[in-house]
Structure formats: structure tokens, C-alpha cells
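Heads up, the thing below is written out as C-alpha cells.
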Amino acid sequence: MHPLARLDQRFVWHPFTQMRDWLSHEPIIIVSGKGAVLRDAHGREYLDANASIWTNLHGHGHPRINAAIKRQLGQLAHSSALGLANEPASLLAARLVTLANPRSPRAPQLAPALSKVFFSDDGSTALEVALKLAYEYARRTGLSARPRFLSLAGAYHGDTVGAVSLGHIDLFHSAYAGLLFRSDQVMAPYCYRCPFNRARPERADARTYRQCRWECVDKVGQRFAARRRRGQPYAGFVFEPLIQGAAGMIPQPEGWLNRAAEIARGHGALLIADEVMTGFGRTGAAKPEIRNSKSEFLFASHREAVQPDFLCLAKGLTGGYLPMAATLTTPAVFDAFLGEYEEFKTFFHGHSFTANQLGAAAALASLEVLESPASRRDRQRLEGTLRDELNSLWALPHVGDIRQVGLIVGVELVRDWRTREPFDLAERAGIRVCEAMAQRGVLTRPIGNVVVLMPPYCTTPAQARRVIRALGEAVEETLGKV
Ligand SMILES: *Cc1c(COP(=O)(O)O)cnc(C)c1O
């Protein structure tokens, strides 16, 4: 065993990992990376098919991001945002505000304006900030004395206690129920397994052949109405726009978000968009009707013409290079915290590394790359390659649903596509398939029985084909014939 593997197994506790399994075999030790490729301590190369858990945008070792971090390091690594401003954080906040308020033919002027940026460190803290701000805003404005939040079934918003309180994944969350504050859940679209979808299984994304009456939208309306009848309207509606990630890469049919957001607004709730995964172009290139326009939507909410009151960003913010997050909000929320010092309306919240310079410098460079025509072309091409190549997987009887939203793919494995019968989680179908993919030089992690593909934007068509071929072979090898 590699000496570093021995050290790891002796001392490191890994996240979301059954450590008994971990200790039973030699772990892969990553030592370097370039573009979409990661290299391990034995010199083996792998394609990073989940962008290092959904964080990386433009590939590893990108010369412009590396140079920006080095340049900033020559100036200063970190000074506190408590009482001090700094250059890259100010520039980044301005840039984010511009991107969060796009103008386009489809959405000439999204309201409300997102004009203030609160920096923190990761997705969970971005949500904690939004949650605390929304809570206090609701109380101060008289919207609610005891604000309650509504989020989606299957929601995942991070692992800190506030974020877990908004989450609805029993496997992760039920153990900590006693620690949490109450929040409610409402049905989220999951066309493939929707009880209201009367369509028989087909060899296509379930969103495209579903037969329903938008009962999932009705459920949102009923939830809000019921709460209002009790005289306690929801203070906030929390959602992952276009696609729920940790729930199993579950996309929303076109139009769902727009309608759900309209209902929430109609009941006076604040909209909290968790774009930790979906932000920064992940949900794909511009729609055909605006393909030639200069602006494109880099955030998923905007593709449904929804402008939230809180926009939570993390993972891809720095291109996946450094931990940094941002919570954007409106002048109305900001103003509710203004006052004389002795009124103590201050937002008493912050983290040691808030507005860190290295992270902000990396983020500025990443955004520059993201907004370049070359990046836009790469993303459109990769989205198309994935769409074409994924078709080959429909031939496999253990592939039940293939869901693609832009540059995010979930492939749901089932016992038999004709019945949609799932594998027992204990059978570890997803884990075994991903292990077989790693044998073929492709790294990703499953969510239960869903294999996730989320390649860096620099992934070439040839590399994308290799990823999908590896997935197909791994499914055949691991799950065999029906
Ligand atoms: C990853 C993720 C989070 C949590 O982010 P961390 O950086 O892991 O704390 C929150 N929301 C969504 C949608 C995510 O994908």
C-alpha cells in the first residue's frame, strides 16, 4: 500500500463515507490534475466525471485561475472582512450583482434586484445566511412572528444544523431530528416516480412523456393556502431551481418553477434559491430563442424567469478552486438591518474567512473564463455531445431514466426498466457501478441508485464519449442481464 494511503487510513475520517468500507481497500490518492483529468499517486489517470463533487467548472490547473491566485498571493492571502474591505472581494461583489440581474429578451427586467452580497465559505453557510436573514426580515417587517419555511421533498441544502433543518432526506437527516427547527415540505416534481404520472415507462426522459395534470403545482398551492388559513403564512420558500441535486438529480419539468414561485410570491413568501449546484452555467446554454443574444442565463432561476430574494452560491463560485460562498439579497432585506448602532439591528453573523482574497481572486478569474465566447461554445458543445451519447444507454434494461439538465446528468438504475422496480439500497448498485467506472479510469459518485455525471466544462467530446462508454460497460458488467 502507498505510504500516503496508510496515513489516510490511519488518521482521516472521510465525509459521507462508511469508514469500514473505506478501510477495506487501498484508497485512490489524487496528486495532480490538468483539465478534466486527475492523476493518482501511482500515475494512473482518471476523468473527473463529477467535477470533484460538482465544484469544478473549467478544469483543473487552469492557467488563468492559477495565475490569479498566485498574483493575489503575492499581495496578500487573507485579511478580515470584520472592519476591513479588500480589493478582490469588492470587485467580485460588483461582478456577481451584475450577473444576478440579467437583461434578456425573455426577462427584460427581473425583480427584485439582487444588490447586496454577503460572503461566506461553503454552500451550507450560504444557506444559513439566507435563512437567518429571511427569518429576521420576516419578523421585523411583521410578515410573521414565528417564521416557518417551506422546502421541497428530497431537499438538500447542506449539513450544518440550519441547512439540515431545511432538508428532507431521511437517510441523512432523521438521526438529527432532535437538533433541528421545524420546517415543512411539499411535493417536488419527480416525473419518473410521480404517483400522478399515468404514463407507462418509455425509453426517454420521463419529463418528455409524462401524463399528468400538474398535480405537483397544485400541491404547492394547497400547502401555501393551508398555512395561510391558519393565519401563519410561510415566511420563505426554499428550492433548488430546475434540478434537485442530492435528491438524486431530479429535474423539474419546464414551467414548474415559474408557477411554484408565483404561488409563493402570491402568499408573500420570500424566495430562497439554492444555486449552490446549479449556478454558473451548469444548467446549460441559452435557450434556442435567445441563442444569438449577447446575454445568457448563468443561473437556473433566471431560465424560468424567477428572481429570488436570496441567491445562494458556492461550489462553482471559485471555479472549484477554493472554498467560498455568497448570499445575494435585495435592498429591502438590507435596509431592514439598518439603524443606529444602539438599536442593535446589525446582522450579527460572520465567519473568519468571510470575503477571503484568494477565493475572491479565483472567483473573478473563473467568471472571466466563464463569460468568454470560448467557454460558451465549449459548454454548448459538451451539452450536445452528452445528449447524443447518452442515447446509447437506453439499450440497457437496467437504465430506467436518463435525466439531463444542461451539463448535469442523472442516470437512474433499476431492476427492470419496464416496471421501474428499484434496486434495494443495500445492494449498492450505484456504488458498484461507480467502482467499475473507476476501474475504467472514470471517477464519479452515485446518489443511491442514480449515477451522476457532471463533467468540467473543458471536457472534450472524446472524453465525454469515454465517460459514457465507461458507464454503459460498468452497468452491463455489474448488473448483468435482467
Ligand atoms: C453541495 C450543496 C450544498 C452544500 O454545500 P457545501 O459546500 O457542501 O456546504 C447546498 N445546496 C446544494 C444544492 C448543494 O448541492
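First listed ligand is number 1; within each ligand, the first listed atom is number 1.
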Does the plane of the ring in Trp256 sit parallel, tilted or perpendicular to the ring in Phe237? Use 30° and 60° as the thresholds.
tilted
Is the backbone of Ala436 close enough, under 3.5 Å, to the side chain of Arg440 for a donor and an acceptor to pair up by distance?
yes
With heavy atoms of [X] as the reference, note each atom of ligand 1 found under 4.0 Å away.
X: Glu240; result: 13 (C)
X: Gly158; result: 4 (C), 10 (C)
X: Trp54; result: 15 (O)
X: Asp122; result: 7 (O), 9 (O)
X: His157; result: 10 (C), 11 (N)
X: Tyr156; result: 2 (C), 3 (C), 11 (N), 12 (C), 13 (C)
X: Ser124; result: 4 (C), 5 (O), 6 (P), 9 (O)

Ligand 1 N/O within reach of Asp274 N/O, cut-off under 3.5 Å
yes
Under a 3.5 Å cutoff, is there a donor and acceptor pairing between the side chains of [X] and [Y]?
X: Ser52; Y: Asp48; result: yes
X: Ser375; Y: Arg379; result: yes
X: Thr278; Y: Glu240; result: no
X: His58; Y: Asp378; result: no

Does NZ or CZ of Arg227 fall inside the cone over Tyr234's six-membered ring, less than 6.0 Å from its centre and within 45° of the axis?
yes
Have a look at Gln244, Met277, Lys315, Glu128 and point out the one with the heavy atom closest to atom 3 (C) of ligand 1.
Lys315
Is the shortest distance from a Lys or Arg side-chain nitrogen in Lys132 or Glu136 to a carboxylate oxygen in the other one below 4.0 Å?
no
Within 4.0 Å of atom 8 (O) of ligand 1 (strictly less), any protein heavy atom?
no
The protein heavy atom nearest to atom 6 (P) of ligand 1 is Gly123 N, 3.4 Å
